[in-house]
Amino acid sequence: MNDITQLPAAAGMAESGEVFGPQVDLNAFVEEFGDGLLASLNRSHPPVYDGEANPRRQAVMAALKRAPFPEQAEVVHAISALLLDRHEPAGIINAEMGTGKTMMAIATAAVCHAEGYRRFLVIAPPHLVYKWRREILETVDQARVWVLNGPDTLVKLLKLREALGQPSDGRPEFFILGRVRMRMGFHWRPAAARKRVPGGELAACPQCGGTVIDSDSEVVSLSQFLREERRHKCRHCHSPLWTLMRPQRATGSLQRDLVLKALRKLPTIGKVSSERLVQQFGEEFLATLLGDNIHEFINLMDENGELVFSDRQAARMERAMATMEFGFGEGGYQPTEFIKRHLPDHTFDLLIVDEGHEYKNAGSAQGQAMGVLAAKARKSLLLTGTLMGGYADDLFYLLFRILTPKMLEDGYRPNVRGSMGPAAMSFLRDHGVLKDIYTERDGDSHKTARGKKLSVRTVKAPGFGPKGIMRYVLPFTVFLKLKDIGGNVLPPYDEEFIEVPMDDEQAFAYRRLEGQLTTELRQALARKDTTLLGVVLNALLAWPDCCFRPETVKHPRSGSLLAFVKTIFGEQQPMPKERELVEICRREKAEGRRVLVYTTYTGKRDTSSRLKAVLTQAGFKVAVLRSSVETQRREDWIADQVDRGVEVLITNPDLVKTGLDLLDFPTIVFMQTGWNVYTLQQAARRSWRIGQRQPVKVLYLGYAGSSQIACLSLMAKKIAVAQSTSGDVPESGLDALNTDGDSVEMALARQLTAT
């Protein structure tokens, strides 16, 4: 991008640079004429929903067992107007983490059901499948809910296909599919009859008995056929020569062991209790309850009509089972493949995609499967709190999967080889930011003159243009921020960046390490060798937080030593960031507040154990959540730690970024942030959610004069872009590091959203 060095005279500046005429500051201009600008915008682009609630739809929401908040109801009205009145194929609810996207989606489904929709398919993260089931049953009266997340998923889909021709009984039907089950394809193996001939065995068709022949009309031996990696049909009767692979159904002692193992996953149930339950009720009955009737299991009664579990046990188990899955049936055929091949179009009236941004990647099997399901459903509703991660191509594949006709209309279509890469690059050029980097080198001398060699490479940068926002985001998206929910539902939220100076010895060692690695990187790049980029960046980012151990940096290919730094801090000697963290925890403890600490180095470097030791030595009760705790058990594990009086919880933000409500930890401290905007934004809002009563603080720590500041600055830019597509313009927290200044679009957006 070229710098603007001269403005035309019509813009208020002569060619000589002399200013003439009155000058109006942009902010003052927007403040003066903002109302007129908004009125003109509303005339040229009338809103889909103007705030006048539909009485019939409002009555439907009021009749729910749990009515949405007024602001949530407004979102439901808007998305219903988009899907039902404007007949758009898809809509997006871009609501901040903690605003109740699940509740809004369920209320939207209820409104759609009142207007003739029958079946709703929900795609959810695996640890939220049963949470969706629970919330649907707690919200929609007489709703039928099927969980398509266990090995018996195929059985349920077959029953659905059998019931397609039957009339509706008026009850809404919800099908919840776990994301890990959402892939295309199925497990199969070759199947053929054995035909004995002199000298061996040939493969034959099980239906007609004809000998299997290959493309060269040669007979195929049985052993050769069973090694085939492609599915074939009989050339005589066209019957398939393959069969679906199904795991054996658990029976007898095997099923008993599976049920016992499942029971022991539940809180308050150990070895003795699980054996007693199986002996009392039988493994078949318990398998049925655990598979699809968890509420009946929690309210299980003995032969005398007494509840088996106490209120405390029931509460613990219900909380745990909301994020658990059990299955004791058959499977093997991927459900998305079955829906694509064996269910008619529009079997599902509305597809609800939870955590929709997870399906943005080009080659993701889950993303492709989501696109197939969206094409099979009548309408699609995408739920997300972080629509994009800062780059324009974050949106391309997501939009193509839910708004295919519009993207094709705009010319973004596969090339002759079926690749979407050129279309994605075209979208990025049209609506994103690309940097063309030119490199000029002296070339070999020609006979009469010296030559120069010019090379160019293109890299993407954070940014999404206003034209793209107006074309693809605003017409299909409803925004909701936590601060928009009134009625004192949420407490204050504050973000702060804290720059921590390094100790003298630490700073000296860092500068030396930086000099050595930068020199090596420059030399490698001069040879067009980019293999050192990741190594150097990771080392410079991590070392200031990991200088309690020696650091050895080696070349990833040759293994040669690039740099070595000795240990700076001993085991009992806290580092500057750690001292700052201890002070933060002391202040928060004095106010009766727990602290959640995020650290991204939890693998080989393992800063979490170090932080636990430092904080424990300072007198705090500390727990570390590690990846060894199963995803579905993390919420209950954290609740156990709170019951035990933990004051500081340390974890990697990836482990808690979705689905968990960490209301017990109103103060959050990022020791590092990583590079992922989605993870950062999701993790930062784990505590500021509906139900929180205490003010929430989020603190970001970074070492002064280190690469961490550059990392935080880039994250600030990406967050600014991401929030510009979320109806918000950041003004605090990491945005303090976004020193590029306001563009015209950003200044306009800041003023217009403030009016």
Side-chain angles (χ1 to χ4, degrees), residues 97 100-106 109 119-140 143-157 159-160 172-183 258 262-263 265-267 287-298 317-331 333-336 338-339 348 350-359 365-367 369-370 373 377 380-385 629-637 655-661 682:
M97 289 67 77
K101 291 186 288 292
T102 304
M103 177 65 191
M104 290 183 278
I106 295 171
R119 297 186 186 93
F120 307 92
L121 177 61
V122 179
I123 302 172
H127 61 290
L128 299 182
V129 167
Y130 280 97
K131 184 177 181 181
W132 266 94
R133 183 184 190 276
R134 182 189 66 200
E135 294 206 19
I136 290 171
L137 293 173
E138 290 177 351
T139 305
V140 182
R144 284 199 179 99
V145 184
W146 285 269
V147 175
L148 306 178
N149 202 46
D152 52 357
T153 293
L154 182 58
V155 175
K156 295 177 181 177
L157 288 173
K159 290 180 179 178
L160 169 62
E173 302 173 16
F174 291 85
F175 298 82
I176 308 173
L177 178 61
R179 189 175 65 214
V180 294
R181 300 276 176 185
M182 201 185 67
R183 296 183 178 91
L258 289 175
L263 288 171
K265 289 182 179 180
L266 298 174
T288 302
L289 293 186
L290 289 172
D292 201 32
N293 295 284
I294 59 173
H295 287 277
E296 291 184 20
F297 175 81
I298 292 171
M317 285 192 294
E318 184 174 10
R319 184 171 60 196
M321 294 175 81
T323 57
M324 281 182 157
E325 60 173 285
F326 302 96
F328 306 94
E330 295 185 354
Y333 198 102
Q334 295 291 352
T336 311
F338 184 91
I339 292 170
F348 300 103
L350 180 66
L351 172 69
I352 300 173
V353 185
D354 194 12
E355 302 296 342
H357 57 272
E358 299 281 356
Y359 306 94
Q366 293 175 2
M370 186 274 278
L373 294 178
S380 300
L381 176 59
L382 203 72
L383 311 179
T384 181
V629 180
E630 296 179 26
T631 305
Q632 61 269 24
R633 295 180 60 85
R634 286 173 190 163
E635 187 173 18
D636 194 61
W637 184 91
L655 301 183
V656 297
K657 65 180 181 180
T658 58
L660 296 182
D661 297 338
Q682 293 269 9

Can you confirm whether [X] sits close enough to [Y] that some side-chain heavy atom of one is under 4.5 Å from a side-chain heavy atom of the other?
{"X": "Tyr359", "Y": "Leu382", "result": "no"}
{"X": "Phe120", "Y": "Ile136", "result": "no"}
{"X": "Arg119", "Y": "Leu160", "result": "yes"}
{"X": "Ser380", "Y": "Val353", "result": "no"}

Can you say whether the rings of Phe348 and Phe175 are parallel (under 30°), tilted (30 to 60°) or perpendicular (over 60°)?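 The rings of Phe348 and Phe175 stand perpendicular, inter-plane angle above 60°.
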So which atom in [X] and which in [Y] form the shortest heavy-atom distance, rounded to 0.1 Å?
{"X": "Asp354", "Y": "Pro125", "result": "OD2-CD, 3.8 Å"}
{"X": "Ala109", "Y": "Ile352", "result": "CB-CD1, 4.4 Å"}
{"X": "Leu383", "Y": "Ala105", "result": "CD1-CB, 3.6 Å"}

How many angstroms lie between [atom1] in [X] and [atom2] in [Y], if you round to the nearest 0.5 Å?
{"X": "Leu373", "Y": "Leu121", "atom1": "CG", "atom2": "CG", "answer": "6.0 Å"}
{"X": "Phe174", "Y": "Ile176", "atom1": "CZ", "atom2": "CD1", "answer": "8.5 Å"}
{"X": "Met370", "Y": "Leu351", "atom1": "CE", "atom2": "CG", "answer": "7.5 Å"}

Can you spot which of Lys101, Glu355, His357 makes a side chain to side chain donor-acceptor pair (under 3.5 Å) with Thr384?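 Of all the options given, the one that passes is His357.
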Qualifying residue for side-chain contact (heavy atoms from CB on, under 4.5 Å) with Glu135, from Val140, Val145, Ile106: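 The residue from Val140, Val145, Ile106 that satisfies side-chain contact (heavy atoms from CB on, under 4.5 Å) with Glu135 turns out to be Ile106.
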